[in-house]
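Beneath this line is the structure, given in structure tokens, with notes to follow.
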2 protein chains.
Amino acid sequence: MRGIAHLARELGVSTATVSRALNGNPNVNAATRQTVLEAAQRLGYAANQAARSLAQGVTHSVGFMIELDQESTTSTDYFFMGVVEGMQAVLAAHGLDLLVLPCAKSQDNFTYLQRFVSRGAVDGMILAETRRIDRRIDLLQSSGIPFVTLGRSDSGSGYSWIDLDFEGVMATAVDRLVQGGHRRIAVTLPSGDANYGSIFAEAYRDSLARHGLAFDEDLVILTRRREDDGDAVVDGLLDRPDPATAIILFYEVTAIGIYRRLAERGLRPGRDLSIIGFRGEDSVRFLTPQVTCFHLSLPDIGTAAARALLAQLPLAAPASSSGIVQCRVPLSLVPGESDGPVPAGQA
Amino acid sequence: MRGIAHLARELGVSTATVSRALNGNPNVNAATRQTVLEAAQRLGYAANQAARSLAQGVTHSVGFMIELDQESTTSTDYFFMGVVEGMQAVLAAHGLDLLVLPCAKSQDNFTYLQRFVSRGAVDGMILAETRRIDRRIDLLQSSGIPFVTLGRSDSGSGYSWIDLDFEGVMATAVDRLVQGGHRRIAVTLPSGDANYGSIFAEAYRDSLARHGLAFDEDLVILTRRREDDGDAVVDGLLDRPDPATAIILFYEVTAIGIYRRLAERGLRPGRDLSIIGFRGEDSVRFLTPQVTCFHLSLPDIGTAAARALLAQLPLAAPASSSGIVQCRVPLSLVPGESDGPVPAGQA
DNA sequence: CGTAGTATTGTAAGCGCTTACAATGCTAAG
DNA sequence: CTTAGCATTGTAAGCGCTTACAATACTACG
């Protein structure tokens, strides 16, 4: 606690020797190192972080910037923990600390990020909830600090990102439904300005097009991440001359409301309306029939992001090509009974 | 980006003046300050964090240590974001940065904490998931760093903590049930070693005792935070000579499984089994009949913790008595229809 | 025995910023 | 006209650590 000088004096060596011993510098007598390490342990000494950073010009920590949104607080939550877990594991293995930096939705996320970056508080950054147009990316690129984003963006160019394979998910889902004879396939999209909303929407149109199905904007419904929205979805899709026979949910939790509403109307999921959820969530596990959905390992996202960042850090990176990683993490389909072929005699 | 010296040279003043201007030191000519601030803005200058910390001996940041647990990931969940939101708001208002520090369950949380503390990486600490015996508290106390815990512990003494008013919750719940004629009141408790489990259990026994009800350990059931456990709960409580007529749930999500199982047995929540949940959770909102439960503002917990910490920091703390805050945040009962009087003709 | 070469340690110069203290230029009182 | 007193600015000494470079002590060799 009293600094390296204290420890050095105690041992009768110079601070340089202590520093070298502690940092694994090879130019130290093995015996000396041993002594120093023991003494450090005994006296509970740990190098002052600020001093180290200042002297080395490196912080040994990376930031993960997340946004706090009172509204969708519970949604980010689950996603968050799993991802952080993966990141933490990888970074820790490389001697890096992960600092989760929460930015209130109410404050300017650009300024918030800028503070940490320009102050040199972290060696690298990971961003979440990327927007289609996201100034933060330009900021990071121009500042030259290594970074990775969770989610693609149209801003910046040639930077590393990790994203979900929304295209693959959508293609698989639509293929499956079309296979079952569905031609009126609806979709729910997230309200909000994160880029994944747009991507999911595009993938939807593309997939329909591939099968020669017309796009009908009446089959597109914006939802929040709440079960309540199910009523509107069901009534909106079925009470029309050309009702939808299937729906793909961005927020799987919507299934709860849909199931309830269907039950009220005496209808059954998988027969009267085929439902495919996007991302297997605990809160939907108990529904009967089981929701057909796509699964995903949250920690894997985190490790992927962390690795992508490591590739850019001046650590043991053996000149790994460009160092840029752009990866769409695939999700696997977990068949349930919430979807099925169009009943004979229906459109 | 190029340091305060660069800025100073650019302006033809000394670094001291620049520093003073930037830090709001009153001994600077107003005009000079203006010039400096403008130049800093224009050149995108921001003081190096490490250098500041080293010179000032203060980091202007506080850590919030959380534990990542793949298993119970969903438990910490929902809790996290809301609480962080409150903390962040209060701390930011005082010019402090909040660093969320995730510790993998697999690694030693004591060592993890120690690193950040002894390195002087933060000015203060907030701990979550306090254990009944928690060495981290002793560590923090002996290190002298200001800290607050979310949850009580038997370790340490005279430190600040914020916790939920489990006692109040339990008393209210039991009172309400007894009022309805219940005398066989069961409870579910969290498995795991966090202290709140023990506290909830004690409060349960105390409340029963207050009403002269005997404690029966058969009425105590350990659950995880999953809806599945409902089956065991229902069958275990009802299939016995002296069945329980009511149950208080630590994890409200258990209600989902209970409802399902009751339905399978042709029974109805609120009539055949009274249910009171502990903490209103989104995932249970959709159940019918609505679960009677206790509500809580997550951000309030966060702000309370942050304030308790601020009281210990050498900021604008006007000698606030001892600076120690120990507070049990009350929860409000939100009546639903999942509980009711014991039907006539029953035990 | 002298010397180049190697292993180990010490010396001291920063890293970029803050801040006590000294210095300067004024203003206003004597 | 002098000088005490205030406002403003500059000078320079660290903060605790790392690291280039110098110094020292050995070892092995010719």
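Each chain gets a letter, A, B and so on, in the order the sequences are listed, and its residues count up from 1. For clarity, every value in this text was computed on a predicted model and none was experimentally measured.
- Within the model, atoms CD1 of A/I66 and CG of A/L101 stand 8.5 Å from one another, a figure rounded to the nearest 0.5 Å.
- Rounded to whole Å, the distance from CG on A/L54 to C1' on C/dG14 is 9 Å.
- Closest approach to the A/V28 side chain among C/dG10, C/dT9, C/dC17 is made by C/dT9 (side chain taken as heavy atoms from C-beta onward).
- When heavy atoms are screened at a 4.0 angstrom cut-off, A/N25 is found touching no nucleic acid atom at all.
- Remark: P of C/dT18 and CG of B/L7 are 12 Å apart, rounded to the nearest angstrom.
- If you take CD of A/Q34 and C1' of C/dT8, they are 17 Å apart, rounded to a whole angstrom.
- In this structure, the side chains of B/Y112 and B/P102 come closer than 4.5 Å at one or more pairs of heavy atoms.
- The distance from atom CZ of A/R33 to atom P of C/dT9 is 10 Å, rounded to the nearest whole Å.
- Here D/dT18 presents its P atom at 5 Å from CD1 of A/I4, a figure rounded to the nearest Å.
- Both B/P26 and B/A51 lie close to DNA chain D; mapped to their nearest nucleotides by heavy-atom distance, the more 5′-ward contact belongs to B/P26.
- Phosphate contact (OP1/OP2 of C/dT9, side-chain N/O of A/T32, threshold under 4.0 Å): present.
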Check step by step if side-chain hydrogen bond (donor to acceptor under 3.5 Å, both in side chains) holds for A/N23 and A/S19.
CA-CA 6 Å; A/N23 291 310; A/S19 173; 3.3 Å; yes
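- The interatomic distance linking A/Q56 (CD) with D/dC17 (P) rounds to 12 Å, in whole Å.
- Between B/T15 atom OG1 and B/R20 atom CZ the span is 8.5 Å, to the nearest 0.5 Å.
- There is a side-chain donor-acceptor pair under 3.5 Å between A/E129 and A/Y196.
- Note on A/Y45: every side-chain N or O is 4.0 Å or more away from OP1 and OP2 of D/dG16.
- Remark: the backbone N or O of B/R131 is paired with a side-chain donor or acceptor of B/S153 at under 3.5 angstrom.
- Remark: P of C/dC15 and CD of B/Q49 are 19 Å apart, rounded to the nearest angstrom.
- Residue B/G120 is classed as having no contact, given no heavy-atom separation below 4.0 Å to the nucleic acid.
- Two residues are said to be in side-chain contact when any heavy atoms from C-beta on lie closer than 4.5 Å; B/F147 and B/Q141 meet this criterion.
- Residues B/R152 and B/N195 share a closest heavy-atom pair of O-ND2, 2.8 Å.
- Between the CG atom of A/N29 and the C1' atom of D/dC26 there is a distance of 12 Å, rounded to whole Å.
- B/L164 has its side chain within reach of B/I301: a pair of non-hydrogen atoms, C-beta onward, lies under 4.5 Å apart.
- For A/T303 (side chain) and A/M87 (main-chain N/O), no donor-acceptor pair under 3.5 Å exists by modelled atom type.
- Between its two ends, the helix from C/dC1-D/dG30 to C/dG30-D/dC1 turns its axis by 60°, counting five pairs per end and rounding to 10 degrees.
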Scan nucleotides 20-24 of chain D against the protein and return all N/O pairs shorter than 3.5 Å with their distances rounded to 0.1 Å.
none

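- At least one side-chain nitrogen or oxygen of B/T17 sits closer than 4.0 Å to the OP1 or OP2 atom of D/dG10.
- Residue B/S19 is in base contact, counting any heavy-atom pair closer than 4.0 Å across all strands shown.
- Counting non-hydrogen atoms under 4.0 angstrom, A/N27 reaches a base of the nucleic acid.
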